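Okay, so here's the structure we're looking at.
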Number of protein chains: 2
Amino acid sequence: MNVHSVYYFMEQVVNKIDKKALILDTTLILLSENGFHGTPISLIAEKAGIGAGTIYRYFKNKEELINVLFIEIQRRIINSMYSGYDETAPYQERFNVLWINMINYYRKHPKDLIFIEQHRYAPYVSTITRSESMRILSPVLLFFLEGKKRKYIKHLPLYTIIGLIYGPIVTIVKLNLDHNREITDEQIIHAEKACWDAVKYNNI
Amino acid sequence: MNVHSVYYFMEQVVNKIDKKALILDTTLILLSENGFHGTPISLIAEKAGIGAGTIYRYFKNKEELINVLFIEIQRRIINSMYSGYDETAPYQERFNVLWINMINYYRKHPKDLIFIEQHRYAPYVSTITRSESMRILSPVLLFFLEGKKRKYIKHLPLYTIIGLIYGPIVTIVKLNLDHNREITDEQIIHAEKACWDAVKYNNI
DNA sequence: ATAAACGGAATGAACGTTCATTCCGATGCA
DNA sequence: TGCATCGGAATGAACGTTCATTCCGTTTAT
């Protein structure tokens, strides 16, 4: 393989990634707008400007397409949560960063929220996807366990803690979205404080 | 209309209601298990032990069936929230009753939770259903507004408050359900306290 | 006897998926 | 360099299946 063929090979790989990403992006938009049974493969192909058969070069079937998309978005969310995260900062400050990064991600990418929450318990999301999803989540889970152990946060079951922290994020963004309200930064600051009030350790 | 025809008329109405309820019950079970596109009308008919055509005697189409079911379940949830509710009790106590009744409803009827949350933002849930849903919710919304006005709870936008209170209920029940965990009464008591901590008014 | 209720086969539209074919840039050869 | 050949990517018409809905003969109720 000479220099030229390497170059062309690279270009081909890039194109492949681009097309795969194009399919994923288009699918996300359509799924979040119309749901699973409202987005036929033919529509995804049309909106992406490609042939229907092409999708099957990149994904085994519709189910796999959605599973890949699910994992991809989960990864993006967790990534964005850790932007500006300082491991050495005090616990409450780190909580603040994680919580606000997360709600801001959903605020900026409402389609991701709709998609993730619509598909988290969907029957065609595979067991493999579920466990992969858990793996991606694990740093956050460890963060909660640390908080419990060091008595920064209340000694509650993990799922209760996640519920108290993640539940409001989903519901607040969804409600505002559904009623075409913009969430202000001030609202987010207050909501974060309230969430912290819910989980912070106190001896009373 | 003589006595007999009244009697028969009544019986007919009862049968009709029974069959309608049977269709709704069956639909709920199948939808929460398999989702919208996993529950064809033919399957609903089969599981209900009736013909597919019969369903169309009670509902105009599949969409209407789901919209009716949505409203019906919403109504049941709100009803059960107000069991044992004492208007004259202190605010925090009333909060306690409403919150625990609600989470207990979902605990006892997980299919209702799955269904409601899966369809709340589904495109085939009509605008009419959405506004009817809001109407059913209104006593709860008024309860929050009262709390804000009288400074029992924080002065936060309504959707933030709902998020802080309802969000955890959904997420906690869903998480435990998905991981086959039983929620204990103790967990619920603690979660309720934490939720109250999130929204309760404080001057700090 | 009459009419309403019912069941489930029939219908046709829509869907996911396949595959024979086309397209196009890379490669080999002169 | 110019031309022929090659091979994988892309295409979209076609296929078989599934589904919501309709239709009509049968059953049930009065």
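Everything quoted here is computed from the prediction, not taken from an experiment. In what follows, every chain begins at residue 1, and chains take the letters A, B, ... in the order their sequences are listed. Because only heavy atoms are used, hydrogens play no part in the values below, and waters and symmetry mates are left out as well, while side chains stay in.
The NE2-C1' distance, from B:His37 to C:dA14, rounds to 15 Å in whole Å. One can place CZ of A:Arg57 at 14 Å from C1' of D:dG12, the figure rounded to the nearest angstrom. In this structure, A:Leu22 places its CG atom 13 Å from C1' of D:dA10, rounding to the nearest Å. Between the CZ atom of A:Phe59 and the C1' atom of D:dA10 there is a distance of 15 Å, given to the nearest Å. Atom-to-atom, CG of B:Asn34 to P of D:dT18 comes out at 15 Å; the value is rounded to the nearest Å. Between A:Asp18 atom CG and D:dA10 atom C1' there is a gap of 16 Å when expressed in whole angstrom units. We find that OH of A:Tyr124 is positioned 15 Å from C1' of C:dG16, with the value rounded to whole Å. Rounded to an integer number of Å, the gap from B:Lys19 NZ to D:dT28 P is 11 Å.
In this structure, CD1 on B:Ile44 lies 12.5 Å from OG1 on B:Thr54, to the nearest 0.5 angstrom. Distance check: B:Tyr159 OH to A:His179 NE2 gives 3.5 Å after rounding to the nearest 0.5 Å. Separation of atoms CE (A:Met102) and OH (A:Tyr105) is listed at 9.5 Å; rounding is to 0.5 Å. The distance from atom CD1 of A:Ile66 to atom CG of A:Leu24, rounded to the nearest 0.5 Å, is 10.5 Å. Note that CZ of A:Arg130 is 9.5 Å distant from CZ of A:Arg120, once rounded to the nearest 0.5 Å.
Within a heavy-atom distance below 4.0 Å of DNA chain D, the residues of residues 60-71 of chain B found are B:Asn61, B:Lys62. At a non-hydrogen distance threshold of 4.0 Å, B:Gly49, B:Ile50, B:Gly51, B:Ala52, B:Gly53, B:Thr54 from residues 40-55 of chain B come into contact with DNA chain C.
Using cut-offs of 30° and 60° on the angle between ring planes, the pair A:Phe36 and A:Tyr124 is tilted.
Side-chain N/O atoms of B:Tyr56 include none lying less than 4.0 angstrom from OP1 or OP2 on C:dC6. At the phosphate of D:dA10, OP1 or OP2 sits under 4.0 Å from a side-chain N or O atom of A:Tyr58.
With respect to the salt-bridge test (charged N to carboxylate O, under 4.0 angstrom), the residues B:Lys149 and B:Glu146 do not qualify. Looking at B:Asp197 and A:Lys154, a side-chain N of the basic residue comes within less than 4.0 Å of a carboxylate O on the acidic one, giving a salt bridge.
Side-chain contact annotation: A:Asn104 with A:Arg107, donor-acceptor N/O pair under 3.5 Å present.
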